[in-house]
Amino acid sequence: MSKYTISSAFSQTFRFPIWKIEVDEHSKLLAIECRDPETTLPYITVMGFDGTIKLDHYLLPEKEWTLAAIQKEVVVLRKVSENSPVSPGVWVLNHEIPNTDFLFHQYQYIGILNGYIQIRPQHITSGFEQYFSLVLNQISTRIDSGIKPFDNNIVFPLEFNGQKPAFLLHYKNEDLWISKSGPNFLWSFHEKQDEKYNIRLLISNKNEILDEAMIIRNLELKLVQIYFQIGCQIFLLTHNKREFVSYLV
């Protein structure tokens with residue numbers, strides 16, 4: 001038996017459609033923003049890559065708040081405006097102790113760095129950046145030049161338009177997507193069944209299929225982007241954007 005197999009990591013269904021997902025690859029955490037279609041109020045959930053829920057549907061008080069980033073125990077929220085994408089308001093929420101937070105009404109969110117949030121005073125359009133330390137919980141006007149942006153190595157599969165490999169010829173695929181997983185390849189595609197779609201995922205080397213699985217069934221519509229990948233784990237948002245599933249590959 002091949003050691004390269006597909007196995008389920010988790011499956012979570014949310015109360016409301018998912019609007020946004022942010023990732024901390026280093027701490028293996030996901031922050032997820034859902035919105036109630038009737039009130040448009042946002043809810044924040046934090047979960048591990050294994051599906052463990054750390055914070056469950058935490059209600060934000062105003063619809064203008066939206067998810068910006070997650071880093072370790074901190075969820076960063078920013079305010080948006082109906083008239084402008086830039087609006088004052090930065091909220092630093094500790095998802096382990098939700099009543100421990102810092103709220104800055106007079107600052108705009110600029111970005112997330114390793115250990116810092118980059119912010120700017122409300123009425124300034126460029127320059128004058130300041131930095132909120134996630135360790136010291138205080139604002140500084142400058143930081144060490146070696147501090148880097150907080151990056152995640154997120155991979156999206158590419159649409160495959162080349163000659164179909166011989167080991168895939170017997171599949172009746174509607175499309176074909178490819179990415180790498182270690183030394184091997186991941187292939188995914190929609191298969192039409194009656195008037196709905198299933199998604200099949202396969203692992204192969206250059207010559208043969210090593211494992212395969214039907215990872216999603218009975219979709220009303222095709223997914224525009226089937227999954228995103230972090231290392232040897234993929235994540236899919238399906239079924240009216242309320243179901244979030246993951247597989248180890």
Side-chain angles (χ1 to χ4, degrees), residues 2-12 14 17-33 45-52 54 67-72 75-76 111-114 148-165 167-168 171 173-191 197-217 219 221-239 241-249:
S2 170
K3 65 178 180 179
Y4 300 108
T5 59
I6 300 168
S7 60
S8 175
F10 66 77
S11 176
Q12 291 286 347
F14 291 81
I18 295 172
W19 277 42
K20 196 172 184 182
I21 300 171
E22 292 291 339
V23 176
D24 178 352
E25 172 192 0
H26 312 285
S27 299
K28 296 189 180 302
L29 291 171
L30 300 143
I32 298 160
E33 176 187 329
T45 295
V46 176
M47 61 189 298
F49 280 17
D50 61 355
T52 302
K54 312 288 186 179
L67 179 63
I70 180 170
Q71 190 171 150
K72 296 183 179 178
V75 176
V76 183
I112 185 84
L113 308 175
N114 279 319
K148 302 297 183 182
F150 184 70
D151 291 327
N152 292 287
N153 186 24
I154 299 175
V155 174
F156 295 92
L158 299 175
E159 191 167 10
F160 184 80
N161 296 311
Q163 183 176 354
K164 195 174 177 181
F167 53 78
L168 295 178
Y171 292 102
N173 53 296
E174 294 272 319
D175 49 9
L176 190 58
W177 300 80
I178 186 173
S179 66
K180 288 289 297 289
S181 179
N184 298 313
F185 301 94
L186 296 180
W187 304 88
S188 57
F189 50 84
H190 293 84
E191 292 180 329
Y197 297 96
N198 301 327
I199 295 179
R200 190 181 297 272
L201 178 71
L202 306 96
I203 302 177
S204 82
N205 55 27
K206 293 182 179 180
N207 303 307
E208 62 180 344
I209 296 170
L210 303 176
D211 196 18
E212 65 176 281
M214 193 73 78
I215 56 174
I216 299 294
R217 296 181 183 272
L219 286 173
L221 299 170
K222 292 181 183 179
L223 300 182
V224 176
Q225 185 77 63
I226 293 183
Y227 60 81
F228 68 89
Q229 180 179 346
I230 301 174
C232 294
Q233 188 167 357
I234 65 169
F235 303 84
L236 300 87
L237 182 59
T238 74
H239 295 299
K241 297 185 177 181
R242 290 184 58 192
E243 184 183 27
F244 188 45
V245 300
S246 178
Y247 289 86
L248 300 174
V249 293

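Side-chain contact between Lys72 and Asp24: present, with at least one pair of heavy atoms (C-beta onward) separated by less than 4.5 Å. A heavy-atom distance below 4.5 Å is found between the side chains of Tyr247 and Leu236. Side-chain contact between Pro183 and Tyr4: present, with at least one pair of heavy atoms (C-beta onward) separated by less than 4.5 Å. By the 4.5 Å heavy-atom criterion applied to side chains, Ile21 and Phe244 are counted as neighbours. Considering only heavy atoms from C-beta on, Phe49 comes within 4.5 Å of Val23 through its side chain. A heavy-atom distance below 4.5 Å is not found between the side chains of Leu113 and Phe150. You'll find the side chain of Leu186 reaches within 4.5 Å of the side chain of Tyr227, heavy atoms only.
Listed by chain and residue number, Glu243, Val245 satisfy the side-chain contact (heavy atoms from CB on, under 4.5 Å) test with Ser11 (two or more places apart in sequence, or in another chain). The ring pair (Phe, Tyr, Trp, His ring centres under 6.0 Å) search around Tyr171 returns Phe189, not counting sequence neighbours. Looking at residues two or more places apart in sequence or on another chain, you find no ring pair (Phe, Tyr, Trp, His ring centres under 6.0 Å) involving Phe185. Applying the side-chain contact (heavy atoms from CB on, under 4.5 Å) rule to Gln12 yields the partners Phe10, Phe14, Met47, Ile53; only residues at least two apart in sequence or on another chain are considered. Taking the side-chain contact (heavy atoms from CB on, under 4.5 Å) definition, one finds that Phe167 meets it with Pro165, Trp187, Ser204, Ile209, sequence neighbours left out.
When the shell of 6.0 Å around NZ of Lys20 is examined, it contains more than 12 heavy atoms from other residues, nucleotides or ligands.
Taking the six-membered ring where the residue is Trp, Tyr197 and His190 present perpendicular rings, their angle passing 60° and hence far from 30°.
Asn184 CG to Lys206 NZ: the interatomic distance, rounded to the nearest 0.5 Å, is 10.5 Å. Atom CG of Leu176 is separated from atom CD1 of Ile226 by 8.5 Å, given to the nearest 0.5 angstrom. Considering CG of Asp50 and OG of Ser246, their distance stands at 9.5 Å, rounded to 0.5 Å. Going from atom CG of Leu237 over to atom CZ of Arg242 covers 12.0 Å, rounded to the nearest 0.5 Å. Taken from CD1 in Ile203 to CD in Glu208, the straight-line distance is 12.5 Å, to the nearest 0.5 Å. For the atom pair CD1 (Ile199) and NZ (Lys222), the distance works out to 10.5 Å, reported to the nearest 0.5 Å.
The minimum heavy-atom distance linking Gln233 with Ala9 is given by the pair NE2-CB, 3.5 Å. The two atoms that bring Leu67 and Ala31 nearest to each other are CD2-O, 3.3 Å, heavy atoms only. Cys232 and Gly182 make their closest contact through SG-N, 4.4 Å (heavy atoms, listed as atom of the first residue, atom of the second, distance).
Pairs passing the side-chain hydrogen bond (donor to acceptor under 3.5 Å, both in side chains) check and including a residue from residues 148-163, sequence neighbours excluded, do not occur.
With Asn198 contributing its side chain and Glu191 its backbone, the two residues share no donor-acceptor pair below 3.5 Å. In this structure, the side chain of Asp211 engages the main chain of Ile6 through a donor-acceptor pair within 3.5 Å. Gln229 places no side-chain N or O within donor-acceptor distance of the main-chain N or O of Ser179, the cut-off being under 3.5 Å.
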### Task
Test side-chain contact (heavy atoms from CB on, under 4.5 Å) on Glu22 and Val76 and set out the steps.
CA-CA 10 Å; Glu22 292 291 339; Val76 183; over 6 Å; no
### Task
Go through the steps to decide whether Gln225 and Leu223 satisfy the test side-chain contact (heavy atoms from CB on, under 4.5 Å), and finish with yes or no.
CA-CA 5 Å; Gln225 185 77 63; Leu223 300 182; over 6 Å; no
### Query
What's the verdict on side-chain contact (heavy atoms from CB on, under 4.5 Å) for Leu210 and Asn205, showing C-alpha distance, side-chain angles and the deciding distance?
CA-CA 7 Å; Leu210 303 176; Asn205 55 27; 3.9 Å; yes
